[in-house]
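Below is one structure, written out as structure tokens; comments come after it.
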Amino acid sequence: MPKFCANLTWLFRERPLMDRFRAAAEAGFEAVEVLFPYDAPAQDMRDQMIWNGLTFVLMNCPPPNATGGPQGFAAIPGLEDRFRRDFDRTLRFAQVLKPRHIHVMAGVAEGAEAEATFVQNLKWAAAHAPKQSLTIEPINRHDMPGYFLADYDTAARVLDAVAAPNLSLQFDAYHAHRITGDVVGSWAAYGDRAVHVQVAGFPGRHEPAGGEIDYTIFFARLDAEGYGGWVSGEYAPATSTEAGLDWMR
Ligand SMILES: O=C(O)C(=O)[C@H](O)CO
Ligand SMILES: [Mg+2]
């Protein structure tokens, strides 16, 4: 089986954020991700990870405010200054939290100018933080209307244009199924560019088991290829988090 990670923005929500680290460790996870860890003291979160023996795999850029906020600026023409300020703020948190990867979100935009902006911003970010692994993730527009990066061909074009060793693909199987209808085929085409995987069932975005995506096949494929990254459960538990964890066993 692959190495599984708990997305603490989606899982263990029965508890306050600071208590989710211990709950994840007790449930058998060795790694966690927090999408927007900007509303709690970074050192407290870091302490929780150390005390519970957890690797911190992923956080997102930019930091939205406590009520949510736009899903990124990296592909929005005219907001390059905003992007850079947000990226620097993310890096300040990352210095403490030490995430394996930072997911740089594109935002709501469309067209060639947006793609060129995305490429330029990512080039800047990759050079600005050369030791930090960065990712981009195709997200389906049913769940995130208007999101710029919504298919794998565009992601591959952007990765090629940026051509930075520290920029890679984040492959979310739930989005892949909605975008292409073929998780294993999409992985076969683009998986060699991926450093991080996220999973959820389809269509409900609940546990990665029993829906339209055959995770037995997908996980076997990752194992057969020797995929060495983490596979994160990024889903809304159908009942309680603990009651739904059979998929990882
Ligand atoms: O929506 C997703 O699948 C993600 O992983 C993003 O980070 C959005 O928050
Ligand atoms: Mg995802």
Side-chain angles (χ1 to χ4, degrees), residues 2 4-13 17 20 31-39 56-76 83 86-87 90 93-94 97 99-109 118 122 125 132-152 154-155 158 167-180 183 186-187 190-191 193-208 211-213 215 218 222 227 229-237 247:
F4 294 122
C5 163
N7 181 312
L8 298 187
T9 304
W10 288 70
L11 302 187
F12 302 102
R13 290 176 66 94
L17 176 61
R20 293 178 204 165
V32 294
E33 58 185 34
V34 180
L35 296 184
F36 298 105
Y38 299 100
D39 295 331
F56 190 45
V57 176
L58 180 85
M59 61 189 281
N60 283 4
C61 172
N65 60 36
T67 55
Q71 301 286 12
F73 300 95
I76 303 185
F83 172 74
D86 281 342
F87 190 74
T90 297
F93 277 78
L97 293 170
R100 288 276 167 90
H101 315 293
I102 294 174
H103 168 206
V104 180
M105 295 196 70
V108 171
F118 198 30
L122 288 168
Q132 175 65 59
S133 163
L134 307 176
T135 62
I136 55 173
E137 176 193 30
I139 294 179
N140 80 79
R141 291 193 182 130
H142 175 84
D143 287 64
M144 208 173 278
Y147 191 70
F148 172 73
L149 189 61
D151 70 88
Y152 290 91
T154 303
V158 168
L167 179 69
S168 314
L169 183 69
Q170 180 172 320
F171 185 91
D172 186 317
Y174 166 84
H175 292 302
H177 186 76
R178 175 81 76 178
I179 293 166
T180 70
V183 171
S186 302
W187 179 262
Y190 301 99
R193 296 165 176 270
V195 292
H196 186 51
V197 170
Q198 293 171 322
V199 293
F202 194 93
R205 210 169 186 179
H206 297 306
E207 281 77 359
E212 287 179 29
I213 304 169
Y215 277 107
F218 183 53
L222 295 181
Y227 169 72
W230 293 91
V231 173
S232 181
E234 188 188 40
Y235 60 85
W247 65 271

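As the structure lists them, so they are numbered: ligands from 1, and atoms in each ligand from 1. The first residue of the sequence shown is numbered 1, and numbering continues consecutively from there.
Of the heavy atoms in His196, none comes closer than 4.0 Å to ligand 1. Under 4.0 Å from ligand 1, not a single heavy atom of Gln71 appears.
Side chain to side chain, His177 and Glu212 meet the donor-acceptor criterion of an N or O pair below 3.5 Å. Of the N and O atoms on the side chains of Glu33 and His103, not one donor lies less than 3.5 Å from an acceptor on the other residue.
Atoms of ligand 1 found under 4.0 Å from any heavy atom of His103, numbered from 1 in the order shown, are 6 (C), 7 (O). Every atom of ligand 1 is numbered from 1 in the order shown, and the set under 4.0 Å from a heavy atom of Gln198 is 5 (O). Using a 4.0 Å cut-off to heavy atoms of Leu35, the atoms of ligand 1 that qualify are 7 (O), 9 (O). Heavy-atom contacts of Glu234 reach the following atoms of ligand 1: 2 (C), 3 (O), 4 (C), 5 (O) (cutoff under 4.0 Å). Set against the non-hydrogen atoms of Asp172, the atoms of ligand 1 under 4.0 Å away are 3 (O).
Side chain of Arg193 to backbone of Ser168: no donor-acceptor contact under 3.5 angstrom is found. One N or O on the side chain of Arg20 and one on the backbone of Leu8 form a donor-acceptor pair closer than 3.5 Å. Between the side chain of Tyr190 and the main chain of Leu169, no donor-acceptor pair closer than 3.5 Å is present. Judged by distance alone, with hydrogens and angles left aside, the side-chain atoms of Gln132 form a donor-acceptor pair with the main-chain N or O of Pro99 at under 3.5 Å.
Two rings, from Trp187 and Phe218, have their centers less than 6.0 Å apart.
Looking only at heavy atoms of the protein, atom 1 (O) of ligand 1 is closest to His175 NE2, 3.5 Å. Closest protein heavy atom to atom 8 (C) of ligand 1: Met105 CE, 3.8 Å. For atom 6 (C) of ligand 1, the closest non-hydrogen atom of the protein is Glu137 OE1, 3.4 Å.
Taking each heavy atom of Pro145 and Val108 in turn, the nearest pair found is O-CG2, 3.8 Å.
By the side-chain contact (heavy atoms from CB on, under 4.5 Å) test, Ala200 pairs with Tyr174, Arg205, Tyr235, sequence neighbours left out.
In the candidate list Asp143, Thr135, Asn60, Asn60 is nearest to atom 9 (O) of ligand 1, counting heavy atoms.
A distance of 8.5 Å separates CZ in Phe171 from CG in Leu222, rounded to the nearest 0.5 Å. Summarising the geometry, atom CG belonging to Asp39 is positioned 9.0 Å from atom CG belonging to Leu17; distances are rounded to the nearest 0.5 Å.
At a cut-off of 2.8 Å, measuring from the Mg ion (ligand 2), the protein N, O or S atoms that fall short of it are Glu137 OE2, Asp172 OD2, Gln198 OE1, Glu234 OE1, waters left aside.
Other residues, nucleotides and ligands contribute only 12 or fewer heavy atoms inside 6.0 Å of the CZ atom of Arg100.
Within the 4.0 Å heavy-atom shell around ligand 1 one does not find Met59.
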